[in-house]
Amino acid sequence: MGGSSGSKAANAAAQTEAWRTSNINRATDQVNRLYSAPSRQAGYDDFLGATRDFYGGELGRQKEQADRSLKFAMARSGLAGGSAAVDANRRLGEDYQRGVLDAERLAQGALADLQASDETSRQNLLSQVAGGMSLTSGATQSAQALQGNLQAAQGRLRADSLGEIFGGLADVYTRSREAAADRRGFRDVYNTLYQPGFGYGGAR
C-alpha cells in the first residue's frame, strides 16, 4: 500500500516537473522567436536607415554653412578663384569625407547599442522564464522590451555627437576677417593722409 502511494506521488511529481519543463521550453522558444523575428531585423534596418539620415542631415547642414562661410571668406580676402581658395575647398572636401565616415560610424554604433539592449533584455526575460514566467507574460514583456529599447535608442541620437566637422577651416575665416580689417585700416589711413589739408596739396 505504502509502495503504491509512493509510486503515485513520484509519478505526480514527475508529471508536474515535466509540465513545468515543457512550459519553460515553450516560453523560452516564444521569447527567442520574438527577438529573432524577421520584423525585428526589419526594424533594425529601418533604424539604421533613419539614423544615417539623421546624421547625414546634420552633416549636410554643416556642409552648406561651411560652403557659404568659405565663399564669403575668399571674397572678403580677395582670394576667390586663387590657389588659396582651391586649397581651402580641398580641405573642405576632405573634412566632408571624414564627416561621412563619422556619420556612418555613429549610425552603426547606435544600431549596435540597440542590438546589445535587445540581447540584454532577452537574457533577462529568459531568466524570468526559467523562474516560472508564463507564456502570456513572456510575450507581453518581450514586446514591451523591444519597443522600449527602440524608443530609448532613438532618444539617444544627438546631432552634436557629430561634432564640428568643418572646424578646421576656422583659421581660414579668421585670416579673411583680419585681411579685410587690415585693408579697411589701410584705406582709412590712405584717405586721411591724402585728403585736402594733409599730405600733398594740403595746406601748410
Side-chain angles (χ1 to χ4, degrees), residues 1-65 93-167:
M1 190 91 131
S4 176
S5 297
S7 177
K8 287 180 180 179
N11 288 338
Q15 288 176 351
T16 298
E17 180 59 23
W19 178 81
R20 189 185 74 84
T21 301
S22 175
N23 280 345
I24 289 175
N25 290 339
R26 288 169 60 199
T28 297
D29 289 343
Q30 184 182 54
V31 169
N32 285 331
R33 282 198 306 271
L34 286 169
Y35 275 84
S36 61
S39 60
R40 191 56 174 179
Q41 184 56 56
Y44 289 151
D45 294 340
D46 290 344
F47 175 75
L48 179 60
T51 305
R52 281 171 171 159
D53 289 343
F54 178 80
Y55 286 117
E58 170 60 15
L59 177 61
R61 184 194 67 78
Q62 289 194 32
K63 174 68 159 50
E64 289 180 5
Q65 185 177 31
E94 292 171 350
D95 288 345
Y96 178 76
Q97 291 304 317
R98 281 193 293 271
V100 170
L101 295 176
D102 287 346
E104 179 64 17
R105 174 181 55 78
L106 287 169
Q108 292 289 347
L111 175 60
D113 288 344
L114 172 57
Q115 292 171 326
S117 295
D118 276 1
E119 179 59 20
T120 297
S121 62
R122 186 181 74 87
Q123 293 295 338
N124 288 339
L125 284 169
L126 290 178
S127 295
Q128 294 179 57
V129 164
M133 177 185 284
S134 68
L135 281 169
T136 301
S137 294
T140 299
Q141 291 197 34
S142 292
Q144 291 174 344
L146 288 168
Q147 181 62 25
N149 290 343
L150 178 58
Q151 291 176 343
Q154 291 169 336
R156 285 193 293 269
L157 299 182
R158 294 286 184 274
D160 57 9
S161 297
L162 198 57
E164 290 296 330
I165 296 299
F166 304 98

Heavy-atom pair of closest approach, residues [X] and [Y]:
X: Gly99; Y: Leu59; result: C-CD2, 3.6 Å
X: Leu48; Y: Ala107; result: CD1-O, 3.7 Å
X: Asp113; Y: Arg156; result: CB-NH2, 4.2 Å
X: Leu34; Y: Ser142; result: CD1-CB, 3.5 Å
X: Leu157; Y: Ala110; result: CD2-CB, 4.1 Å

First locate atom [atom1] of [X], then atom [atom2] of [Y], and finally report the distance between them rounded to the nearest 0.5 Å.
X: Leu111; Y: Arg52; atom1: CG; atom2: CZ; value: 9.0 Å
X: Gln30; Y: Met133; atom1: CD; atom2: CE; value: 10.5 Å
X: Ser121; Y: Leu146; atom1: OG; atom2: CG; value: 6.0 Å
X: Ile24; Y: Trp19; atom1: CD1; atom2: CH2; value: 9.5 Å
X: Asp118; Y: Ser36; atom1: CG; atom2: OG; value: 11.0 Å
X: Arg20; Y: Asn25; atom1: CZ; atom2: CG; value: 9.5 Å

- Item | Side-chain donor/acceptor of Ser161 to backbone N/O of Arg158, under 3.5 Å | yes
- Short side-chain to backbone donor-acceptor contact, Gln128 and Gly138, under 3.5 Å: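 Judged by distance alone, no pair lies under 3.5 Å.
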- Query: Between Arg40 and Tyr35, does a side chain to side chain contact (heavy atoms under 4.5 Å, CB included) hold up when you go through it step by step?
  - Reply: CA-CA 7 Å; Arg40 191 56 174 179; Tyr35 275 84; 6.0 Å; no
Does [X] reach the side chain of [Y], with side-chain heavy atoms less than 4.5 Å apart?
X: Gln154; Y: Phe47; value: yes
X: Asn32; Y: Arg122; value: yes
X: Leu126; Y: Val31; value: yes
X: Thr51; Y: Leu106; value: no

- Query: Please walk me through it: do Ile165 and Tyr96 pass side chain to side chain contact (heavy atoms under 4.5 Å, CB included)?
  - Reply: CA-CA 7 Å; Ile165 296 299; Tyr96 178 76; 5.9 Å; no
- Can you list the steps and then say if Glu119 with Gln123 is a side-chain hydrogen bond (donor to acceptor under 3.5 Å, both in side chains)? CA-CA 6 Å; Glu119 179 59 20; Gln123 293 295 338; 2.8 Å; yes
